[in-house]
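These notes concern the structure reproduced below.
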Amino acid sequence: MNDTWEALRSDCEKCTACDLCKTRTNLVFGTGDENADVLFVGEAPGDNEDKTGIPFVGRAGKLLDQFLYAVDIPREKVYIANILKCRPPQNRDPLPAEEQACMDFLRRQVKLLNPKVIVCLGRISAAKLIDPDYKITKEHGTFVKKGNYLMTAVYHPAFLLRNPSKKEEMLADMKAIKKQIDTII
Ligand code: URA
């Protein structure tokens, strides 16, 4: 049977595979253009995302918006999702069992979207999607082809809020992503 965005969202809403569904306010399914060529994948919803049901709308999200704007990638033309669809209490790191329980939803999103480029936002997303031993400080901004997808990782915007001196590297990575998009799309 062919998957659909509606079926996927409904399965996510009903999911009780881990305990996070008990403490979340809203499911944070993902937002953006369902035909986007570029998918950004973060880690897990925070407080503002949990309250609104939309990924990357808090301080980290606003910073991500600034980088997207700086390199002329309209937010509404990409798709933004997370490894976890429900907020971990106190924004703790996702547990391996929670990641495992949620990954199939992201796999289905990737299949439905069929993006050309996947950008991991931060170490946790890169470790899950690119390489379990991914070294974000060394490898950020490099591109690897995995199956049909060109994949890269950048610093997580929340990390940049704590380490503003890394913003220059982020801008360079975002420019390289924009260049890739413009060449292959
Ligand atoms: N951090 C994430 O990884 N995802 C969000 O949606 C918000 C903050």
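Counting starts at 1 for both ligands and their atoms, in listed order. Counting begins at 1 with the first residue of the sequence.
Ring pair F29/W5 is perpendicular by interplanar angle, where above 60° counts as perpendicular and below 30° as parallel.
Taking the ring centroids of Y134 and H140, they lie at or beyond the 6.0 Å cut-off.
Ligand 1 lies under 4.0 Å from heavy atoms of G42, E43, A44, E49, P55, F56, N82, H156.
In plain terms, the two heavy atoms of V28 and P55 that are nearest each other are CG1-N, 3.5 Å.
A salt bridge (Lys or Arg N to Asp or Glu O under 4.0 Å) with E98 holds for exactly one of K128, K85, R92; it is R92.
Side-chain atoms of S125 come within 3.5 Å of backbone atoms of V41 as a donor-acceptor pair (strictly under, hydrogens ignored).
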| task | Could you check T183 against K179 for side chain to side chain donor-acceptor pair (under 3.5 Å), going step by step and ending with a plain yes or no? | result | CA-CA 6 Å; T183 18; K179 207 166 166 189; over 6 Å; no

